[in-house]
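So that the names make sense, note that chain A is the first sequence line, chain B the second, and so on, each numbered from 1. The structure displayed is predicted, hence computed values, not measured ones.
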Amino acid sequence: MDSSHRYNEATNLEVSGDSEDSATTMSSAGPEEEEDDAESCVNGGDDDCGCRDERWISWSTWCEESAIEYETAEVDGRDAPREAYASSSTPINSFAFFKSYTHPPNNGNSFTFQSLLKSCSKSRSIAHSTQLHCLISKLGFICCTSVQKALLKCYVVCGRLHVARFLFDEMLERDIVSYNIMISGYFELGDTLSAIELFECAPNPNRVSWTAMVTGFCNNGDSLMARRYFDEMPDKDLVSWNAMISGYVRNQQPLQALHLFVLMQMERFRPNRVSIVSVLLACASSGALDAGKWIHVYVNKNKFRLDAFLGSALIDMYTKCGAVEFGLDVFTSLKAKNTCVWNTMINGLALNGHARRALDVFDQMQLGASIRPDEITFVGILMACSHGGFLEEGRRHFYCTSKKWKEVEKIRKIMKNMGIEKIPGSSSIEINNMIHEFISGNKSHPRYTDICAELEELRKKMNTEGYHAEITEVLYDIDEEEKEHALGHHSEKLAIGFGLISTAPGTTLRIFKNLRVCTDCHSATKLISKICKREIIVRDRVRFHHFKDGVCSCNDFW
DNA sequence: ATAGGGTTAG
C-alpha cells in the first residue's frame with residue numbers, strides 16, 4: 001500500500017467523523033436472512049420429527065430455569081434488528097427482547113446468537129455466557145465457527161482463559177481472528193508468555209495480531225518490548241501507531257509518545273482523533289503547553305468534531321499545563337457536556353487551587369445541567385476543598401506520612417524484594433519548544449555543571465536570607481550531610497536552575513514534576529522566586545504551585 | 001462481520 005493511499009484513508013476516517021462509532025450501529029442486514037452455516041449445523045430441523053417444537057420447549061424452559069429477571073424491552077419500532085438491540089443493551093434486555101420476538105418455529109439463526117453473545121461479552125457476564133453456551137449447544141449452533149468465535153470472546157473477556165483455550169483447541173477451523181482473541185486474552189491476564197507462544201505459532205499474523213502484541217506489552221508495563229514488536233511490524237496502519245503512542249502515555253513516557261507522534265507524521269500518517277486524544281494526554285502529563293496548543297490549532301484547522309472525548313482531553317491538557325482560562329474556553333464552547341467533561345473541569349480548577357470556582361462549576365453541573373455527579377466528581381471536590389485550606393485538621397493529622405524511619409525502611413525493603421523500585425523524581429521544563437527532563441541525581445544534562453554552579457550560588461544567597469535545608473522530608477535514615485546533598489539535587493531544583501540560566505531575566509518558569517514537591521524544595525522555590533524576581537509555576541503530581549515574591553499560591557497547603 | 005488504538009481521580 002503506498003503512502004498516499006494511507007493518507008487518504010486516514011483523512012476519510014476523520015472527515016466522516018462518525019466512522020469510529022459505527023461499531024455500535026449495526027448493519028440492518030443479517031437477522032432475517034437465513035444463513036447457510038447455521039442452517040447446516042442445526043440438528044434435525046424437520047417438522048415431522050418434532051425437532052422445532054422441542055427446540056422451542058428447551059428455549060422456554062431454559063428461560064425460566066435460568067432465573068433471569070426480565071426487564072421490559074423498550075425499543076423504538078418493533079422491527080429494529082435484533083443485532084442492533086443486542087449490541088447496545090444489557091444481556092438481560094437482549095434475552096427479553098429475543099424471547100418476545102421469537103415465536104415457534106422461528107428460533108433465530110446464528111446471527112441471533114452472535115448478537116446475544118456480543119451483548120454478553122460487552123457486559124462481561126459469565127453467568128449469561130454459560131447459559132447461552134448451553135442453549136447454543138442444545139440447538140446445535142455450536143458447530144458454527146462465527147458463533148464459536150463470539151463465545152470465545154465471551155470467555156476471554158470474563159477472564160475464563162482456560163475455558164476459552166479448551167474451546168479454541170477444540171475448534172476445527174481456527175482462523176486469525178480466533179488467534180487474535182486468544183492473544184489479547186492472555187495479555188489481559190498478564191500471561192505474556194502464552195501470548196507470545198500463540199503469536200509465534202499463529203499461521204499468518206496480520207496487523208491486528210501485531211497491534212495486539214504492542215498493546216498487550218504496553219498494558220503489562222513493558223513498553224520496551226512493545227516497541228520492539230512495533231518496529232518489527234511489517235505493515236503498520238494508523239491503529240498500530242495509535243496503539244504505541246497511547247501505550248507510551250499509559251506507561252508514563254509522554255516524551256516518547258510525543259516523539260512517536262512526530263515520527264508518525266513524518267511517515268505520512270495523518271493523525272485521527274484517537275491519535276489526538278493520546279497525544280493530548282502526553283502533553284498533559286509532561287506539561288508541554290506549546291505542543292498542546294499546537295494540537296488544538298490542528299484540531300480546529302482540520303475541523304475535528306469537538307465531542308466530549310476530545311473536549312475533555314483538551315480541558316485536561318490545558319488545566320494540567322496551568323492554563324486554566326484556556327481550559328474554561330474549551331469547556332464553555334463544548335455543546336455536549338457529559339459527566340467526564342464536568343469532572344475534568346472541576347478537577348482542573350481544583351488542581352490549580354481555584355477551590356471556589358470548582359465548587360461553582362459543581363453547582364452548575366447539578367442545578368443548571370442536571371448531570372449526576374459520580375465518585376470522580378467527589379474526589380475532585382474534596383481535592384478543591386483540601387487545596388483551599390478547608391481541611392486544616394486533616395493536615396495536622398497528616399503531619400503526625402513523618403519520622404518513622406523504621407517503617408519506611410521496612411516498606412522500602414518489601415518494595416525492593418517485589419522488584420518495585422522507588423519512582424525516581426523527574427521534572428521537566430519547556431524552553432524554546434524543547435522539553436528538558438531532569439531525573440534526581442542524574443548528571444547527564446549537557447549543562448549540568450553550570451546548573452550546579454547556579455544552584456550553589458543561589459544557596460549562598462538563600463542562606464543569608466535565613467534558609468536551612470528542611471531535611472525531615474528525605475524520609476531515609478542517611479546522615480544529615482548526605483540528606484542535604486540529596487535535597488540539593490532534587491529534580492525540580494535542577495530544572496529551576498536550568499531555567500534560570502537559559503532564559504531572559506523575568507521570564508516565568510514552568511516546571512512539571514511527576515512526584516509531589518517536598519517541603520524543602522517548596523520553601524527553597526519561594527525564596528528563589530523572591531531572590532531572582534521570577535514567577536515560578538510548579539505542577540507536581542497533585543496540584544499547582546504558583547511562586548511569586550517569596551509566596552506560594554497554595555499558602556503552604558498541599 | 002468477528003480481532004488491534006482514545007477522556008476525568010486516587
Does the side-chain ring of Tyr179(A) lie flat on the base of dA3(B), meaning centres under 5.5 Å and planes less than 30 degrees apart? no

With the threshold set at 4.0 Å, does a side-chain nitrogen-carboxylate oxygen contact exist between Glu188(A) and Lys153(A)? no

Taking the side chain of Val379(A) as heavy atoms from C-beta outward, which of dG10(B), dG6(B), dT8(B) is closest to it? dG10(B)

Can you tell me how far P of dG6(B) sits from CG of Leu280(A), to the nearest Å? 14 Å

Give a yes/no on whether any side-chain N or O of Ser246(A) is located under 4.0 angstrom from OP1 or OP2 of dG6(B). yes

Roughly how many Å is it from CD1 in Ile181(A) to C1' in dA1(B), rounded to a whole number? 12 Å

With a distance cut-off below 6.0 Å to the six-membered ring centre and an angular limit of 45° from the axis, does Arg174(A) pair with Phe168(A) as a cation-pi contact? yes

Short N-O contact, Asp237(A) and Arg207(A), less than 4.0 angstrom: yes

Side-chain contact check for Val239(A): nearest option of dT2(B), dG10(B), dG5(B) is dG5(B)

With the side chain defined as heavy atoms from C-beta on, Ser312(A) is closest, among dG5(B), dT7(B), dT2(B), to dT7(B)

Val274(A) has a side chain; which of dT2(B), dG6(B), dG4(B) sits nearest to it? dG6(B)

Presence of donor-acceptor pair under 3.5 Å, side chain of Thr344(A) and base of dT8(B): no

Side-chain donor/acceptor contact of Asp237(A) with base of dG4(B) under 3.5 Å: yes

With sequence neighbours left out, what residues match Arg165(A) under side-chain hydrogen bond (donor to acceptor under 3.5 Å, both in side chains)? Asp169(A), Tyr186(A)

Which listed nucleotide (dG6(B), dG4(B), dT2(B)) is nearest to the side chain of Arg273(A)? dG6(B)

Interatomic distance, Met365(A) CE vs dT8(B) C1' [rounded to whole Å]: 10 Å

Side chain of Ser240(A) only, heavy atoms from C-beta on: which candidate in dA9(B), dG4(B), dG5(B) is closest? dG4(B)

Could you check which of dG4(B), dT7(B), dG5(B) has an atom nearest any side-chain atom of Cys340(A)? dT7(B)

Separation of dG6(B) atom C1' from Tyr248(A) atom OH, nearest Å, is 18 Å

So does Asp307(A) pair up with Arg273(A), basic N to acidic O under 4.0 Å? yes

Kindly say whether the aromatic ring centers of Phe199(A) and Tyr229(A) come within a distance under 6.0 Å. yes

Over all strands shown, is Lys337(A) touching base, sugar-phosphate only, or nothing at heavy-atom distances under 4.0 angstrom? nothing

OH/Tyr298(A): more than 12 non-hydrogen atoms of other groups inside 6.0 Å: yes

When you measure from the side chain of Asn347(A), which nucleotide among dA9(B), dT2(B), dG6(B) comes out closest? dA9(B)

Can you list the residues that meet the side-chain contact (heavy atoms from CB on, under 4.5 Å) rule with Ala226(A), with sequence neighbours excluded? Val214(A), Phe217(A), Cys218(A), Met244(A)

Without decimals, in angstroms, what is the distance between Asp540(A) CG and dA9(B) C1'? 15 Å

State which of dG6(B), dG5(B), dA9(B) makes the closest approach to the side chain of Phe309(A). dG6(B)

To the nearest Å, how far apart are Arg250(A) CZ and dT7(B) P? 8 Å

Please confirm whether His133(A) and Tyr155(A) have ring centers closer than 6.0 angstrom. yes

In this structure, how many angstroms lie between the P atom of dA1(B) and the NZ atom of Lys122(A), rounded? 18 Å

Give one of base, sugar-phosphate or nothing for Ile346(A), where a contact means two heavy atoms less than 4.0 Å apart. nothing

With distance as the sole criterion, do the side chain of Asn206(A) and the base of dG4(B) form a donor-acceptor contact below 3.5 Å? no

Between dG6(B) atom C1' and Asn338(A) atom CG, what is the distance in whole Å? 14 Å

Within residues 150-176 of chain A, the residues having a heavy atom closer than 4.0 Å to DNA chain B are Lys153(A), Ile176(A)

